[in-house]
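Remarks on the structure that follows.
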Amino acid sequence: MLSVKEIHTYYGNIQALKGVSLDIEKGEIITLIGANGAGKSTTLMSISGLMHPRSGKIFYQNMPLHLLSPEKIVSLGIVQVPEGRRIFPDFTVMENLEMGAYLRSDKPQLKKDYDYIFELFPILKDRKRQLGGTLSGGEQQMLAISRALMAKPKLLLLDEPSLGLAPMVIKQIFQIIRKINSEQSTTILLVEQNANLALQTADRGYVIENGLIIMQDKAEKLLQNEEVKKAYLGIV
Amino acid sequence: MKLRIIHSLIITFWFMLLCFPLVVLKIDYLEKSIRFRWINLFLTGLCVFFISLLWRYFLSRRRKYFLRLPEHFFDLHQSRLIRSKPFLFIFSLVFLSLPLILPNYHTSILITAMIYVVLGLGLNIVVGLAGLLDLGYAAFFAIGGYSFALLNHYFGFGFWASLPIAASLACLGGVLLGIPVLRLRGDYLAIVTLGFGEIIRLILENWEAFTKGPSGIPDLPKPGLFGIQLDFYSSTIYLYYLLILCMLAAILVTKRLSYSKTGRAWVALREDEIAAQSMGIDTTKTKLTAFGIGAFWAGIVGAFFASKNSFVDPSSFTFHESAIILSIVVLGGMGSILGVILATMILVLLPEYLRFLESYRMLIFGAIMVIMMVFRPEGLVKSVRQQYDFKNLK
């Protein structure tokens, strides 16, 4: 579905990605784990078009993605949930969701999608008219995911959904991620620092270090891998 | 209380020190001596002490002071009185009949005020909705005014023929300014737009062969009315009604726009650019439409302004102008239409009608602005976006 081929991405003169390659098949949950500054978010932003790789190619259903603008990429069905949630604080929950459907033209379909989201996250239904900025961190994360779902993504890019949340909430959010994957057959690329949980959720995993993919395998195999255990799972 | 007195004493002492050369020393040229007027220093100190004490008292009581006002006292846009039909009817009747009752002088001032309302509404799109700080807005006002003036001067175009050209040229100017500053935000954007405003003014001032330089272009015609000859008095009244129409159009358009998809995209962009991008909002297009539509209105009233004065010169479009328009937007409350109108009343009409106070009028003007910003930092009317009602979705 998506294949990232040897991308090199820079912040000015600083090279963040030194030839990252990924392959994502339809219907999978893929996770990209790594330490701070390894290049996880940069990879995601290169896919979603917020950053452009200086060299290398990204193909989405055989279409070159690295040449397109972010809004074109969203319209193709690749939607990112940005790191740190980034919901619109002065918009109500409903308006935030509506922003997610910004590029949708099938208005009659929207009602069904709102209902689906309120079924996934009943708390958002209660908070429908509340301003996004007044939600708790967990609710904001739920809103950010829901907002992205409103764009009807075929591929959902999640950037650290566990960031700054309580363990209970994290667990709930990961359950929902799995649910979205199985019910909507949405392909998911999950970037996480919480390697343990991410690998338990995902089908396959990539380990990124200093802008390079150093390992890739089935998630359960990575969970057993001694190096991964030592470096990312905190098990000695 | 004790703290307040100590603070006031410190301020008094400092003030006395600052004022010392001004109020105490007096040089007597004839006797070649210096007289010390110590009593003045004492009086200054006393005044400052009490003013400071009073100021601090009100500042500390600010919350309580406002709580005693009825709730939503300042939420004028929600006020039932203002929304009620009889009020609106009487208000519009009075407003419409003003030029027939009042002398021409007042009509003329009201025309100026309405020009500023439209300018405020235009800048409100750029600054209030899209969050792009534009310090050179007067440039588009100038483009509008000079387009009309030059078209009239060189090609003999009338007002109505020039108006659409003036508006489109200003709009084009807005888009052209927008392109290079797409990546800039906040302070940097402000600096570039400030520069742009000055560039336009300097071109008008120095390209004498074409723009007549600082001496300006005189003898511009008033808007025509199906070829009917109007004397000075009636043409001012005619202009008054035209500007009411123009203002209503601006209000209607900005209101519709701010609730539209584009308006939503502007606000989303202001709130969080990255989030807006990841929702599929085309930032380039969205920013350029904001600049373009904002400038469009400045172009229109620019032509009205030139026609009203029947004269344009570069000194009408200085940075001071941009600053006043920006103050209107900020004082009114970012993004609020009613706020813009109220702020224009204060910022444009007040200095005009305080003229009898002569040189003190700017002092009072400044004091009012400081007091406003201390007690009402969010602006006169807090902007409340109309929230889409999702009732039918339940």
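Note: hydrogens, waters and symmetry copies are ignored here, and every other heavy atom, side chains too, is used. Below, chains carry the letters A, B, ... as their sequence lines are ordered, and counting in each starts from 1. None of these values were measured; they are calculated from a predicted model.
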- For chain A, which residues of residues 280-295 of chain B have heavy atoms nearer than 4.5 angstrom: B:Gly280, B:Ile281, B:Asp282
- Per-residue contacts, residues 139-152 of chain A versus chain B, heavy atoms under 4.5 Å: A:Arg147
- Is a side-chain donor-acceptor pair under 3.5 Å present for A:Thr42 with A:Tyr11? yes
- Query: Do B:Thr193 side-chain atoms and B:Asp134 backbone N/O form a donor-acceptor pair below 3.5 Å?
  - Reply: no
- Donor-acceptor side-chain pairing of A:Glu192 and A:Ser162 below 3.5 angstrom: yes
- Note on the structure: Interatomic distance, CZ@B:Phe296 vs CG@B:Leu169, rounded to 0.5 Å, equals 12.0 Å
- Note on the structure: Counting heavy-atom pairs under 4.5 Å with chain B, the top scorer among A:Ser48, A:Pro89, A:Gly49, A:Ala101 is A:Pro89
- Hey, are the side chains of B:Leu135 and B:Ser322 touching, using non-hydrogen atoms and a 4.5 Å cut-off? no
- Within the distance-only criterion (no hydrogens, no angle test), does the side chain of A:Asn96 pair as donor or acceptor with the backbone N or O of A:Phe88 below 3.5 angstrom? yes
- Verify whether one side chain among A:Glu183 and A:Tyr116 offers a donor that lies under 3.5 Å from an acceptor in the other. yes
- Message: For A:Lys107, is the NZ atom crowded, meaning more than 12 foreign heavy atoms sit under 6.0 Å from it?
- Response: yes
- Using side chain to side chain contact (heavy atoms under 4.5 Å, CB included) as the criterion, point out the one residue from A:Leu189, A:Leu157, A:Leu32, A:Ile213 that pairs with A:Thr43. A:Leu32
- For A:Glu28 and A:Glu25, indicate whether the former's side chain and the latter's backbone hold a donor-acceptor pair under 3.5 Å. yes
